[in-house]
Amino acid sequence: GAGVSQSPSNKVTEKGKDVELRCDPISGHTALYWYRQSLGQGLEFLIYFQGNSAPDKSGLPSDRFSAERTGGSVSTLTIQRTQQEDSAVYLCASLPGTSTDTQYFGPGTRLTVL
Amino acid sequence: AQSVTQLGSHVSVSEGALVLLRCNYSSSVPPYLFWYVQYPNQGLQLLLKYTSAATLVKGINGFEAEFKKSETSFHLTKPSAHMSDAAEYFCAVSDQTGGFKTIFGAGTRLFVKA
C-alpha cells in the first residue's frame with residue numbers, strides 16, 4: 001500500500017461501549033506505534049510493537065485499553081467500556097526498523113464518546 | 001527515562017520573519033531527535049532528524065535544527081517564515097534506555113501573520 005491506513009476515520013460511541021480501531025501499516029514495516037492526540041495535549045504514547053518482541057505497553061492509560069498485532073502486520077487497538085475522557089484522535093505509525101527510523105503516520109481515527 | 005519539553009504552546013511570527021521553535025530533551029545517553037509537522041487536516045510527517053551525525057540537520061521546506069549537547073536542546077529554525085508554514089510542530093526523542101521508544105513533546109502551534 002501507499003501509506004498507513006486507519007479505520008474507521010470517525011467513530012462515535014456511547015459511554016460504556018467497546019470500540020476497536022484498526023491500523024494497516026506499510027507493508028514490510030516491522031515496528032508500529034499507537035498514540036493518542038487530545039486537544040492541546042500533544043501525542044501521548046500508548047503502545048509500541050517491534051517485530052516479534054513483546055510489545056511495550058507502558059503507555060496504556062488503563063486496563064480498559066489493549067492492542068494486538070496479528071502476523072506482524074495489522075494492529076487493532078481495543079478500548080473497553082469507553083469513557084468520555086477517551087475521546088481523542090488515535091494515531092498509528094509504522095516504521096521500517098527501530099525507532100531511529102522515520103515514523104509514517106496514518107490519518108488517525110477520531111473517537112467521540114457521548 | 002527520556003523526555004521532551006517544547007517551550008511555548010503557541011508561537012506567532014510575521015511572514016518573512018525568523019521562525020524559532022524551542023525543544024529541550026532529557027536523556028542520559030546519546031539521543032535520537034526528531035521534528036515532525038502536522039499541517040491543518042493532515043497527518044504528521046517528518047521534518048528532520050538527528051541520529052548522531054552532523055549536529056546541524058537540514059530538513060524539508062527550509063527548516064533546520066541544531067543539536068547542542070551542552071544545552072540539551074534541539075531548536076528548530078527557519079530564516080524566513082511563509083504563510084504555508086502555519087502548522088503544529090512536534091519535537092521527539094528516542095534513546096536506548098527507553099528501548100528506542102519515541103516520546104513526543106506537547107507540540108507548538110505556529111501562526112504566521114501576513
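Just so it is clear, the values below take in all heavy atoms, side chains as well, and ignore hydrogens, waters and symmetry mates. Every chain is numbered from 1, with letters handed out A, B, ... down the list of sequences.
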Honestly, the part of B/Q38 sitting under 4.5 Å from a heavy atom of chain A is side chain
Chain A contact via B/S9 - side chain, backbone, both or neither, heavy atoms under 4.5 Å:
neither
Name the option with the most non-hydrogen atom pairs under 4.5 Å to chain A; the candidates are B/T51, B/L46, B/N41.
B/L46
Testing A/F45, A/Y35, A/Y48 one by one against B/T102 for a side-chain contact (heavy atoms from CB on, under 4.5 Å), which residue passes?
A/Y35
Which atoms of A/E44 are under 4.5 Å from chain B, going by heavy atoms: the side chain, the backbone, both sets, or neither?
neither
Honestly, the part of A/S53 sitting under 4.5 Å from a heavy atom of chain B is neither
About how many Å separate OH of B/Y32 and CG of A/D101, when rounded to the nearest 0.5 Å?
10.0 Å
Gap between atom CD of A/Q103 and atom CZ of B/F104 - 0.5 Å precision
4.5 Å
Mind checking whether [X] and [Y] sit in one hydrophobic cluster, side chains of I, L, V, M, F, W, Y counted as touching below 4.5 Å?
{"X": "B/V4", "Y": "B/F63", "value": "yes"}
{"X": "A/L95", "Y": "A/L46", "value": "no"}
{"X": "B/L18", "Y": "B/I60", "value": "no"}
{"X": "B/F74", "Y": "B/V11", "value": "yes"}
{"X": "A/L32", "Y": "A/F105", "value": "no"}

Considering residues, nucleotides and ligands other than A/E14, do more than 12 of their heavy atoms fall under 6.0 Å from its CD?
no
